[in-house]
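Structure, as structure tokens:
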Amino acid sequence: MDINLVSDTVTKPSQEMLRFMFQAEVGDDVYKQDLTAIELENRVAQFFGFEAGLFFPSGTMANQTAIKLHTQPGEQLIADKWAHVYNYEGGGVSFNSGVSCCLLDGNRGMITAEQVSGAINNPEFYHSPLTSLVCVENTTNKGGGACYDFNEYIKIRQVCDENNLKFHLDGARIWNALVATNDNPSDYGKVFHTMSVCFSKGMGAPVGSVLLSDKVTINRALRIRKILGGGMRQIGYLAAAGLFALEHNIVRLAEDHRRAKELGVLLNNLPWVASVEPVETNILIFSVQTSVDENQLMEKLKQKGIAISSMGHGKLRIVTHLDYREVMHSYVLETLEKLEV
């Protein structure tokens, strides 16, 4: 039994999703003639309370487009030190936009309005870069799937408005956050200037993200997407996977969360585990005792058909997902409990 718990990006489209994809009505999206892509963009925009959306091949490209929309070279964005836009997008902030990052020491990848307010450079002090954008991430990847309190968004937006800043949400796993917090998705359009949402993680699609904003901004994003090489043709086959996921794969995320929490409870009681970070969604991060070699531990699990990932310094990560079924879950729980470390 091969069980891959390295990430929720490892999922493969179900047979039902594939059938739905192959039945899509497609056209040339560069000419805005792909009706399925247009339907997905409109559906997602309406769902989150925005005017418009634009399909992207990846969340990274969607985030980088948003940063380009809101900044000029030499300016600065504010983000948590663990932010995906800083750590995992290949330095695109500097490469694509010529922007630097003011990194805050948040809590599990989440920052507060108070921290943002204290990090804004005086716009009259021309020796420092002009602060122009705040980026937050929900759920937080490196923060172990933690979810923002929506009230903190509102407070940060107020700080942004008072200081003429834009506010972007990297919502790669926003679907997990919605299931965990029961936030009203249509409220997001009232708070953020732009927002990216991903379909290739817990939602089970093979590829695809959507950037959301007002119509004028999305029209500008279309040009940036073209420059970055994201203009595609018959993308309805891919967009259809997103439409299928919207209908079938949101509510079931609660199962991923339950399994991650059950794994967390077990690990908390194992002698070779030093600590387990709070589990809110589908990402579980734990640390092993200093006497345990994390590489040897991962190899032992691999020999038993279980793959997890290392975050370094004795910290390991497990991510539950659509393809991680209950029979696999029972096997992993039993294996971890009996593992000789």
Side-chain angles (χ1 to χ4, degrees), residues 9 13 17-18 20-48 50-73 75 77 84-85 88-99 133 135 166 168-175 188-189 192-201 203-246:
T9 60
M17 179 180 280
L18 286 170
F20 192 78
M21 291 168 66
F22 287 131
Q23 293 167 2
E25 183 177 0
V26 300
D28 191 329
D29 188 65
V30 170
Y31 291 102
K32 300 309 294 180
Q33 294 173 350
D34 193 299
L35 297 181
T36 304
I38 292 170
E39 181 182 355
L40 177 66
E41 291 165 349
N42 290 340
R43 283 273 301 276
V44 178
Q46 183 179 22
F47 186 78
F48 285 104
F50 287 86
E51 285 186 351
L54 186 63
F55 186 90
F56 280 80
S58 71
T60 292
M61 187 183 286
N63 285 333
Q64 291 301 313
T65 295
I67 293 168
K68 188 68 176 175
L69 284 166
H70 299 314
T71 64
Q72 293 296 323
E75 295 180 352
L77 67 81
H84 193 278
V85 296
Y88 301 116
E89 298 189 3
V93 170
S94 57
F95 188 91
N96 297 314
S97 298
V99 174
L133 174 63
C135 293
K166 297 297 184 181
H168 173 67
L169 171 63
D170 172 4
R173 292 182 175 87
I174 193 62
W175 316 102
Y188 281 75
F192 294 99
H193 294 98
T194 52
M195 172 181 177
S196 64
V197 301
C198 185
F199 287 93
S200 62
K201 297 183 174 68
M203 297 287 273
V207 66
S209 290
V210 174
L211 181 66
L212 305 169
S213 192
D214 58 82
K215 291 180 180 178
V216 172
T217 301
I218 289 300
N219 191 51
R220 290 173 54 216
L222 187 62
R223 179 177 292 273
I224 296 172
R225 187 184 72 172
K226 174 65 177 179
I227 292 170
L228 295 176
M232 297 168 287
R233 304 298 179 175
Q234 289 75 27
I235 62 172
Y237 295 115
L238 301 176
L243 288 171
F244 182 90
L246 283 175

Could you tell me which non-hydrogen atom of [X] sits nearest to which non-hydrogen atom of [Y], and how far apart they are?
{"X": "Gly231", "Y": "Val30", "answer": "C-CG2, 4.0 Å"}
{"X": "Ile218", "Y": "Gly53", "answer": "CG2-O, 3.8 Å"}
{"X": "Phe55", "Y": "Glu41", "answer": "N-OE2, 2.9 Å"}

Aromatic plane relationship, Phe20 with Phe244 - under 30° parallel, 30 to 60° tilted, over 60° perpendicular:
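Ring orientation of Phe244 relative to Phe20: tilted.
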
Is there side-chain contact between [X] and [Y], with at least one heavy-atom pair below 4.5 Å?
{"X": "His70", "Y": "Ser97", "result": "no"}
{"X": "Leu133", "Y": "Val99", "result": "no"}
{"X": "Ser196", "Y": "Ser209", "result": "no"}
{"X": "Tyr188", "Y": "Leu212", "result": "no"}
{"X": "Val44", "Y": "Phe50", "result": "no"}
{"X": "Thr194", "Y": "Thr65", "result": "no"}

Exercise: do His193 and Thr217 side chains pair donor with acceptor under 3.5 Å:
no

Give a yes or no on this: more than 12 heavy atoms of other residues, nucleotides or ligands lie within 6.0 Å of atom [atom1] of [X].
{"X": "Gln46", "atom1": "CD", "value": "no"}
{"X": "Lys215", "atom1": "NZ", "value": "no"}
{"X": "Gln33", "atom1": "CD", "value": "yes"}

Given 3.5 Å as the limit, does a donor-acceptor pair link the side chain of [X] with the main chain of [Y], or not?
{"X": "Trp175", "Y": "Val197", "answer": "no"}
{"X": "Arg225", "Y": "Met61", "answer": "no"}
{"X": "Asp29", "Y": "Asp34", "answer": "no"}
{"X": "Thr36", "Y": "Gly236", "answer": "no"}

Measure the spacing between [atom1] of [X] and [atom2] of [Y] and express it to the nearest 0.5 Å.
{"X": "Leu169", "Y": "Phe48", "atom1": "CG", "atom2": "CZ", "answer": "8.5 Å"}
{"X": "Ile235", "Y": "Phe56", "atom1": "CD1", "atom2": "CZ", "answer": "10.0 Å"}
{"X": "Met203", "Y": "Met17", "atom1": "CE", "atom2": "CE", "answer": "8.0 Å"}
{"X": "Ser213", "Y": "Met195", "atom1": "OG", "atom2": "CE", "answer": "11.5 Å"}
{"X": "Lys68", "Y": "Leu228", "atom1": "NZ", "atom2": "CG", "answer": "8.5 Å"}
{"X": "Ile174", "Y": "Lys201", "atom1": "CD1", "atom2": "NZ", "answer": "12.5 Å"}

Please determine which of Leu40, Leu243, Leu238, Val207 meets the side-chain contact (heavy atoms from CB on, under 4.5 Å) test together with Phe199.
Leu40

Side chain to side chain donor-acceptor pair (under 3.5 Å) partners of Ser94, counting only residues at least two apart
none

Of all residues at least two apart in sequence or in a different chain, which pass the side chain to side chain donor-acceptor pair (under 3.5 Å) check with Glu89?
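In terms of side chain to side chain donor-acceptor pair (under 3.5 Å), with neighbours along the sequence ignored, Glu89 is linked to Asn63, Gln64, His84.
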
